[in-house]
Amino acid sequence: MSFPTPDTLVPAGIDFLRELNNAVHDAHPNALMIAEECSDYVGITAPTDCGGLGFTYKWNMGWMNDTLKYIETDPLYRSACHGLMTFPMMYAFNESFILPLSHDECVHGKKSFLDKMPGEYKNKFDSLRMYLAYMFTCPGKKLIFMGTEFGQFIEWRYYEPLEWKLLAYDSHAGLMRFTKALTRFYRRHPALWADDRSWNGFEWSNADDAIFDVYSYFRRGDGETLLVIVNTAPVARPNYFIGTDETAPFRLVFNSDAPEFYGGGMHVKKQLRSLPRRQGNHSRLIKVDLPPSSVLIYRLTEQGNR
């Protein structure tokens, strides 16, 4: 549902949106009212009795625009725009957000999401898997546009069906297996969604490594801790250091570079142990090998042992 930005609406228009959302939620408590809205108006998803507009979710257009601009940049030049991937966290909890990859971004010459990825054929699949895994591990609900799940190359055409025939190729079939596995992984791990509206569920390990094009962070929720490491560079990063305060080992639970996903299958450690050596703002460090254009997710094996 798309509306004019609230700052251009007359008070009567704002009252209408509040009454609309109240009426829908009263009649259908499980209905989702979602605002495709891109202003900095405060309270789009706040309850109406608190002065908000009462929408269930709001599209996070800033996240989409910034991260796509980064991911479409040639990796040689990404260091200069490293902050595009981290800036959305500055306002990630201002509203109940959905992270959208919508139809608007794969029409009118903008290319499909797979074709937006830089590099040659294999690089595109590696980068799209990495980008989707990054998306699924960020705070916010997820929205991907049809065809992205298996990597359609042509833009969306409303007058044609999706190119399901591409699943005959290992690359597209592998991406489809990846999307299914990523979705199942998301649903099984409450650290990715149980505390999705506050900093209690998210902590940076290192947000500022523009030299190596790596982002690392922790997701926490319902007694679970996940370590997410995103290598956006198309080269491996062996012996990469991650800061943590945890003493228990981390066990590998998801690898976007796995061969069944059409990944390179680079050998990575199945378990990581931290050493009592300061790394950044953290009291301990972990050494890990990172495949090119990949996301590795490790799960803390014990809790309450800082």
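Just so you know, these numbers come straight off a predicted model, no measurement behind them.
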>> For F202 and Y217, I'd like to know if the aromatic rings sit close, meaning centre-to-centre distance below 6.0 Å.
In response: yes

> Taking all non-hydrogen atoms of both residues, which atom of G51 and which atom of R18 are closest, and how far apart?
Replying inline: O-NH2, 2.8 Å

> Under the 6.0 Å and 45° cation-pi test, does K122 pair with Y262?
Replying inline: yes

> Closest heavy-atom contact between A173 and L167?
Replying inline: CB-O, 3.6 Å

>> Using the rule side-chain contact (heavy atoms from CB on, under 4.5 Å), only one of D289, V214, V288 pairs with R237; which is it?
In response: V214

> Can you check whether F97 and F93 have ring centres sitting under 6.0 Å from each other?
Replying inline: no

>> Looking at K116 and E72, would you say the former's side chain and the latter's main chain have a donor-acceptor pair under 3.5 Å?
In response: no

> If you count the non-hydrogen atoms of other residues, nucleotides and ligands that lie under 6.0 Å from CG in N281, is the total more than 12?
Replying inline: no

>> Taking side chain to side chain donor-acceptor pair (under 3.5 Å) as the criterion, tell me which of R219, E224, R184 meets it with H189.
In response: E224

>> Can you classify the ring geometry of Y131 versus W63 as parallel (below 30°), tilted (30 to 60°) or perpendicular (above 60°)?
In response: parallel

>> Would you say M61 ends up clustered with M90 if hydrophobic residues are merged whenever their side chains have heavy atoms under 4.5 Å apart, either directly or through other cluster members?
In response: no

> What is the distance from atom CE of M117 to atom CZ of F125, rounded to the nearest 0.5 Å?
Replying inline: 11.5 Å

> Could you walk me through whether D195 and R220 pass the salt bridge (charged side-chain N to carboxylate O under 4.0 Å, His left out) check?
Replying inline: CA-CA 7 Å; D195 195 348; R220 296 189 174 94; over 6 Å; no

> Atom CG of D66 and atom CZ of F87: how far apart are they, to the nearest 0.5 Å?
Replying inline: 7.0 Å

> Above 12 or not: heavy atoms from other molecules or residues under 6.0 Å from OH of Y169?
Replying inline: no

> Can you tell me if H82 uses its side chain to pair, donor with acceptor, with the backbone of Y70 under 3.5 Å?
Replying inline: no

>> Quick one, K124 and D115 - any side-chain contact, counting heavy atoms below 4.5 Å?
In response: yes

>> If you compare all heavy atoms of P139 against all heavy atoms of L99, which two are closest, and at what distance to 0.1 Å?
In response: O-CD1, 3.6 Å

> Is there a path of hydrophobic side-chain contacts, each under 4.5 Å between heavy atoms of I, L, V, M, F, W or Y residues, that connects L300 with L275?
Replying inline: no

> So, the side chain of R284 versus the backbone of S274: is there a donor-acceptor pair under 3.5 Å, distance only?
Replying inline: yes

>> I'd like to know if the side chain of R197 reaches the main chain of E95, judged simply by a donor and an acceptor atom lying under 3.5 Å from each other, with no hydrogens or angles considered.
In response: yes

> Hey, quick one: are V268 and L285 part of the same hydrophobic cluster, counting side-chain heavy atoms closer than 4.5 Å, chains of contacts allowed?
Replying inline: no

>> Quick check against the 3.5 Å criterion: does R78 have a side-chain atom that pairs as donor or acceptor with the backbone of D213?
In response: no

> Taking Q271 for the side chain and R273 for the main chain, is one N or O donor matched with an acceptor at less than 3.5 Å?
Replying inline: no

>> A side-chain contact here means heavy atoms from C-beta on lying under 4.5 Å apart; do I71 and M130 qualify?
In response: yes

> Could you state the interatomic distance from OG1 (T244) to CG (N206), rounded to the nearest 0.5 Å?
Replying inline: 12.5 Å

> Does NZ belonging to K110 count more than 12 external heavy atoms closer than 6.0 Å?
Replying inline: yes

>> Is it the case that over 12 heavy atoms from other parts of the model lie below 6.0 angstrom from the CD atom of E120?
In response: no

> So do I144 and L132 actually touch side chain to side chain, heavy atoms under 4.5 Å?
Replying inline: yes

>> Using 30° and 60° as the class boundaries, would you call the ring planes of F150 and W164 parallel, tilted or perpendicular?
In response: tilted

> Heavy-atom count around Y121 OH within 6.0 Å, excluding the residue itself: above 12?
Replying inline: yes

> Rounded to the nearest 0.5 Å, how far does CD of E163 lie from CD1 of I154?
Replying inline: 4.0 Å

> In terms of side-chain heavy atoms, does Y240 have a donor or acceptor partner in D209 at a distance below 3.5 Å?
Replying inline: yes

>> Tell me whether the rings of F218 and F250 are parallel (<30°), tilted (30 to 60°) or perpendicular (>60°).
In response: tilted

> Does some side-chain heavy atom of L192 sit less than 4.5 Å from a side-chain heavy atom of K142?
Replying inline: no

>> Do Y215 and Y91 sit in one hydrophobic cluster, given that two such residues count as connected whenever their side-chain heavy atoms are within less than 4.5 Å of each other, even indirectly?
In response: no

>> Looking at every non-hydrogen atom in both residues, tell me the closest pair between T232 and S293 and how far apart they are.
In response: O-OG, 4.2 Å

>> Can you see whether Y134 engages T67 through a side-chain donor-acceptor pair at a distance of less than 3.5 angstrom?
In response: no

> What do you reckon, is CZ of R187 surrounded by more than 12 foreign heavy atoms closer than 6.0 Å?
Replying inline: no

>> Under a 4.0 Å threshold between the charged nitrogen and the carboxylate oxygen, would D170 count as salt-bridged to R177?
In response: no

> For the residue pair L53 and I14, what are the closest heavy atoms and their distance?
Replying inline: CD2-CG2, 3.5 Å

> Given side chains that start at C-beta, do those of W59 and I34 come closer than 4.5 Å, heavy atoms only?
Replying inline: yes

> Does F145 share a hydrophobic cluster with M64, counting links as ILVMFWY side-chain heavy atoms below 4.5 Å and allowing steps through other members?
Replying inline: yes

>> Donor-acceptor pair, distance only, cut-off 3.5 Å: does the side chain of D196 make one with the backbone of G140?
In response: yes

>> Can you confirm whether I297 sits close enough to F185 that some side-chain heavy atom of one is under 4.5 Å from a side-chain heavy atom of the other?
In response: yes

>> Can you confirm whether P292 sits close enough to M266 that some side-chain heavy atom of one is under 4.5 Å from a side-chain heavy atom of the other?
In response: yes

> Which pair of non-hydrogen atoms, one from D257 and one from S294, has the smallest distance, and what is that distance?
Replying inline: CB-CB, 4.3 Å

